[in-house]
Protein chains: 2
Amino acid sequence: MADTNTTVSNDVAAAATAATPTQAPAASGRRVVFQSPHGASSTPEIDDMVMQAIARIADKWTMCVLEVLAQNGVLRFTRIGELVGGISQRMLTKTLRQLEDDGFVTRTVYPEVPPRVEYQLTELGSSLCAAFCSVWLWAEAHCSELRSIKASRRPTRAAKDGA
Amino acid sequence: MADTNTTVSNDVAAAATAATPTQAPAASGRRVVFQSPHGASSTPEIDDMVMQAIARIADKWTMCVLEVLAQNGVLRFTRIGELVGGISQRMLTKTLRQLEDDGFVTRTVYPEVPPRVEYQLTELGSSLCAAFCSVWLWAEAHCSELRSIKASRRPTRAAKDGA
DNA sequence: CAGAATCCCTGCGGATACTG
DNA sequence: CAGTATCCGCAGGGATTCTG
């Protein structure tokens with residue numbers, strides 16, 4: 001799947017740099033346009049969808065839940081919490097609801113007692129996980145670099161604005 | 001998307017489900033393990049790196065800056081702000097500093113007056129952009145689905161906890 | 001021009017208690 | 001079991017002001 005776009009090294013930057021994107025002059029609020037490796041430039045709409053997807057993914061728990069579901073297929077509420085580890089019920093509920101609304105997971109309620117609810121990735125959710133797979137490959141490939149960078153990160157910079 | 005995760009069009013979920021990941025029983029704080037498409041399972045370290053990378057990317061501005069830099073190659077501070085659009089100097093500075101510390105961009109100061117600082121993606125930064133390319137492809141491929149889902153999102157759910 | 005410093009407000013997210 | 005409801009701390013991030 002990494003070979004979806006021929007050689008995944010940095011042809012994106014290359015293609016994007018070569019092309020002349022429709023860069024709006026900072027008028028209607030960040031109109032960034034990315035470039036697909038196969039030549040076609042993405043529309044602002046797609047660009048926005050990507051941003052939304054990424055923003056959603058990165059809310060600290062979504063990715064973990066997605067991973068857990070990708071691994072185990074179908075899971076109950078509590079089980080997901082266990083597998084993820086350290087997540088509060090509040091956040092687990094919110095995350096799952098969000099995922100459900102976004103069409104990434106299905107929620108099936110069994111009218112039993114005690115109640116039983118099962119979650120499972122949709123096709124869309126699975127495909128998203130697959131899409132993010134290349135990021136894993138990237139991390140793998142640049143593992144040593146990342147490690148050394150993280151190690152040599154000057155501590156003075158870290159406690160700048162945040163602290 | 002019925003019930004099988006075996007035919008889920010992506011090998012990630014399939015491979016991950018097949019393998020038996022080292023899932024810590026919610027002890028040392030979420031030990032999620034992802035599965036690479038080529039069979040090798042990622043280590044918790046790589047997994048963590050991915051999480052960090054994604055978390056960083058999604059901080060609302062990083063991705064935009066990354067895109068802009070990927071498109072234009074080398075840019076000055078103010079120019080980046082213009083191209084991104086709507087970002088405050090404070091956030092732009094923070095974002096660029098973070099990106100620099102992470103080894104994704106280089107920062108070159110020219111001792112002139114008025115001062116001039118140029119930013120540019122490193123190899124690592126470019127490769128990260130390339131890695132995220134598949135997410136764009138995903139958004140492209142599932143564009144119509146995402147659109148309809150976004151449209152049919154029940155408004156009652158949206159104004160739950162957040163509002 | 002490229003930032004650093006300060007103020008302040010919003011919302012994420014943890015902890016806890018209650019319910020069907 | 002699978003949530004919902006409430007309180008609350010704290011970091012993210014915008015607006016503004018000052019400086020080398």
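Worth knowing before you read on, the calculation uses all heavy atoms, side chains too, and leaves out hydrogens, waters and symmetry mates. Lettering of chains follows the sequences in order, A, B, ..., and the numbering in each one begins at 1.
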Requested in this report: Could you label the plane-to-plane angle of the Phe77(B) and Tyr119(B) rings as parallel, tilted or perpendicular, counting under 30° as parallel and over 60° as perpendicular?
Outcome: tilted
Value in whole Å for how far the [atom2] atom of [N] lies from [atom1] of [X]:
X	N	atom1	atom2	answer
Arg79(B)	dG3(C)	CZ	P	17 Å
Glu118(B)	dG3(C)	CD	P	12 Å
Gln89(A)	dT4(D)	CD	P	12 Å
Asp59(A)	dC12(C)	CG	P	9 Å
Met91(B)	dC7(C)	CE	C1'	14 Å
Lys94(A)	dG13(C)	NZ	P	7 Å
Lys60(A)	dG11(C)	NZ	C1'	14 Å
Leu92(A)	dT4(D)	CG	C1'	14 Å

Of the candidate nucleotides [options], which contains the atom at the shortest distance from the side chain of [X]?
X	options	result
Val117(A)	dG3(D), dA2(C), dG3(C)	dG3(D)
Arg90(A)	dG14(C), dA4(C), dT4(D)	dG14(C)
Trp61(A)	dG14(D), dG3(C), dG13(C)	dG13(C)
Arg97(B)	dT4(D), dG14(C), dA4(C)	dA4(C)

Any side-chain N or O of [X] less than 4.0 Å from the OP1 or OP2 oxygen of [N]?
X	N	result
Arg76(B)	dA2(C)	yes
Tyr119(B)	dC1(C)	no
Thr78(B)	dA2(C)	yes

**Report entry** Under 3.5 Å donor-acceptor, Thr93(A) side chain and Gln89(A) backbone
**Finding:** yes
Query - 4.5 Å side-chain heavy-atom contact, Leu83(B) and Asn72(B) - result: yes
Query raised in the report: Going through the distances and angles, do Glu45(A) and Arg147(B) end up as a salt bridge (Lys or Arg N to Asp or Glu O under 4.0 Å)?
Result: CA-CA 9 Å; Glu45(A) 183 191 12; Arg147(B) 204 176 353 234; 2.6 Å; yes
Query raised in the report: Considering heavy-atom distances to DNA chain C, does Pro115(A) or Pro115(B) have its closest nucleotide positioned more toward the 5' end?
Result: Pro115(B)
**Report entry** Single hit among Arg116(B), Arg76(B), Glu118(B) for side chain to side chain donor-acceptor pair (under 3.5 Å) with Tyr110(B)
**Finding:** Glu118(B)
